[in-house]
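Take a look at the structure below.
In what follows, every chain begins at residue 1, and chains take the letters A, B, ... in the order their sequences are listed.
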Amino acid sequence: MNANSLVSVADLDKEQILSLLEAARFFEENPNHKVLDGKVAATLFFEPSTRTRLSFETAVNRLGGRVIGFSDASTTSSSKGETLKDTIKMVSNYVDIIIMRHYLEGAARYATEVTDTPIVNAGDGANQHPSQTMLDLYSILKTQGTLENLTITMVGDLKYGRTVHSLLMAMKYFKPTFRFVACDELRMPREYIEFCRREGIPFEEHKDFTREVIDSSDILYMTRVQRERFSDIMEYEAVKDLYTLHNSMLETSRPNLRILHPLPRVNEINQDVDDNPKAYYFEQARNGLYARQAIICRALGINVEDLKKDIKK
Amino acid sequence: MTTDKKELAVAALRNGTVIDHIPSDALFKCVKVLNLEEMDCTLTIGNNLASKSAGTKGIIKVADVFFPEDVLNRIALIAPSAVINIINDYEVVEKRHVEIPAEIRGIVKCDNPKCITNNEPMVTVFETDPDKPGNIRCHYCNHSIDRNKATIL
């Protein structure tokens, strides 16, 4: 077990989150910083995820490290029946850090228990995806200048969307107000509603995606409503266009409003929003690189404050 | 007559452990969790006995066996009302309620088929769920399950 592993954003306290965000800011200003010279990172993707893998591998490369790994478990021993434990123990012999994505929930937590090499969770099934949450937080911080006292509206699939669940939990330190906009089938699950109550976080639930809701928001966090989430296909057809954002809906929105989306987008944000300066989802994806550089450095015990001093010299 | 029946239901134990006030529907789960099937000591298992507080109850008596506390606390999960009596020379020398352990290892199966614990040879771990009273949460996949509906391994 390595204490610098990152499995879930819920494992981080406020100071750790702020220090990661500060490190992300540093890497945005200084993206090519060869602090991983001589280090090897493994990217073990038991489930394909091109976007996340490329972002992590770019992060390692920009930090001057080298990458080994696989992007599809069908080419590895796990397809021969090797346990995850054995794969992790074997790879630990070769590398300084393991970045892993797995289709099974809890895989990353278990991996931290079988090795002393730091593990970074790049997504475990529908469970956790902390680097996505960190890039969401960094995007909010960057666009609003603060994380405190913001009104965040989450729209679409709030039931299965792990990004909204993790973001909700990470925001607990920053006095947010939430609005949850979803149809009955995809409402925010009870445990997260209970979480808000327990933490004293004000929230409202809405079925309609109205102008009033948009106009009083600082962040609009859109998610994809997937057909396969519905038991009744008629229900999907009935709601699929109700949660689509069009440019005309933004006319009277706050000047500081920014629209976030974890991507890939399908039809929940109309193409006519893309040219609106409030559309932030493509820049958001770029922030993922800096957030991941920060996460990798933390996992390897590299203090970014020291790097800053080096720059000043 | 009534007295005879009552005596029969609580036949004396010289030394050993009596687990009383088990809800009737949880009795056989307790038998499983305590692994009584594998024991060769004298055992008495009673169920659907009259209970003043719960209507009916189950009882388990095990002669000459004193379970470690963590073993007894395992049944807190399925029978939180159970009372443990330690018997020494026909006397109850200790009487206490069971306590749910903070960490429940290797007893409950996670009912999320996509959980790593259902796909690797490993021990399950559960913790009490702070967001859902009465529930326990998988340490690995965070899936929350109703304590009373938990599948015992």
Side-chain angles (χ1 to χ4, degrees), chain A residues 1 5 7-11 44 46-47 73 77-79 81-89 100-115 119 121 123-130 160 162 165-166 168-169 172 188-201, chain B residues 26 29 32-33 68-71 73-74 76-78 80-81 99-153:
Chain A
M1 179 89 188
S5 291
V7 173
S8 163
V9 81
D11 299 340
L44 309 185
F46 295 88
E47 158 187 82
S77 291
S78 62
S79 67
E82 185 179 53
T83 61
L84 175 64
K85 179 181 174 180
D86 290 9
T87 306
I88 295 293
K89 285 190 103 59
M100 65 177 278
R101 187 184 187 100
H102 206 287
Y103 49 90
L104 291 172
E105 291 152 28
R109 176 79 64 203
Y110 180 56
T112 63
E113 293 172 4
V114 301
T115 179
I119 302 277
N121 185 6
D124 58 332
N127 191 26
Q128 300 293 327
H129 193 6
Y160 299 101
R162 66 178 169 195
H165 302 157
S166 301
L168 183 154
M169 298 202 337
K172 76 170 178 183
M188 186 61 83
R190 200 185 90 193
E191 59 259 45
Y192 295 101
I193 297 290
E194 283 302 315
F195 176 86
C196 288
R197 290 210 176 102
R198 187 160 54 90
E199 297 289 338
I201 298 171
Chain B
K29 280 189 186 170
K32 193 178 171 191
V33 166
E69 190 162 321
D70 62 319
V71 172
N73 284 342
R74 287 179 181 192
L77 200 64
I78 41 188
S81 59
E99 278 172 38
I100 294 178
E103 188 185 77
I104 303 146
R105 293 184 77 89
I107 303 171
V108 176
K109 178 180 157 51
C110 184
D111 59 15
N112 171 12
K114 289 189 73 189
C115 177
I116 185 75
T117 60
N118 288 314
N119 294 274
E120 279 267 317
M122 61 186 283
V123 175
T124 66
V125 180
F126 282 82
E127 290 131 13
T128 48
D129 187 342
D131 295 320
K132 279 191 185 175
N135 274 36
I136 49 172
R137 192 163 66 184
C138 176
H139 168 71
Y140 294 98
C141 75
N142 291 315
H143 184 72
S144 182
I145 38 184
D146 184 339
R147 220 166 55 197
N148 299 313
K149 292 180 187 150
T151 311
I152 306 298
L153 283 168

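- Looking at residues two or more places apart in sequence or on another chain, you find a ring pair (Phe, Tyr, Trp, His ring centres under 6.0 Å) between A:Tyr192 and A:His165.
- For B:His139, the parts sitting under 4.5 Å from any heavy atom of chain A are the backbone and the side chain alike.
- Under the rule for a salt bridge (Lys or Arg N to Asp or Glu O under 4.0 Å), the partners of A:Arg198 that lie at least two apart in sequence or sit in another chain are B:Asp131.
- The distance from the SG atom of B:Cys138 to the CZ atom of A:Arg109 is 10.0 Å, given to the nearest 0.5 Å.
- There is no contact between B:Asp129 and chain A, counting heavy-atom distances below 4.5 Å.
- Residues B:Asn112 and A:Glu105 share a closest heavy-atom pair of ND2-OE1, 2.7 Å.
- Distance check: B:Lys114 NZ to A:Asp124 CG gives 9.5 Å after rounding to the nearest 0.5 Å.
- Among A:Leu84, A:Asp86, A:Leu104, the single residue meeting the side chain to side chain contact (heavy atoms under 4.5 Å, CB included) criterion with B:Glu120 is A:Leu84.
- Here the straight-line distance linking atom CD1 of B:Ile116 with atom NZ of A:Lys85 works out to 12.0 Å at 0.5 Å rounding.
- Counting heavy atoms of neighbouring residues, nucleotides and ligands inside a 6.0 Å radius, atom CD of A:Glu82 exceeds 12 of them.
- Counting heavy atoms from C-beta outward, A:Gln128 and B:Asn142 have side chains that approach closer than 4.5 Å.
- In this structure, the separation between CZ on A:Arg190 and OG on B:Ser144 is 8.0 Å, given to the nearest 0.5 Å.
- The OH atom of A:Tyr110 sits 11.5 Å away from atom CG of B:Asn119, with the distance rounded to the nearest 0.5 Å.
- Counting heavy-atom pairs under 4.5 Å between each of A:Arg197, A:Glu194, A:His102, A:Glu113 and chain B puts A:Glu113 at the top.
- Counting all heavy atoms, side chain and backbone alike, A:Asn127 lies closest to B:Cys141 at OD1-O, 3.2 Å.
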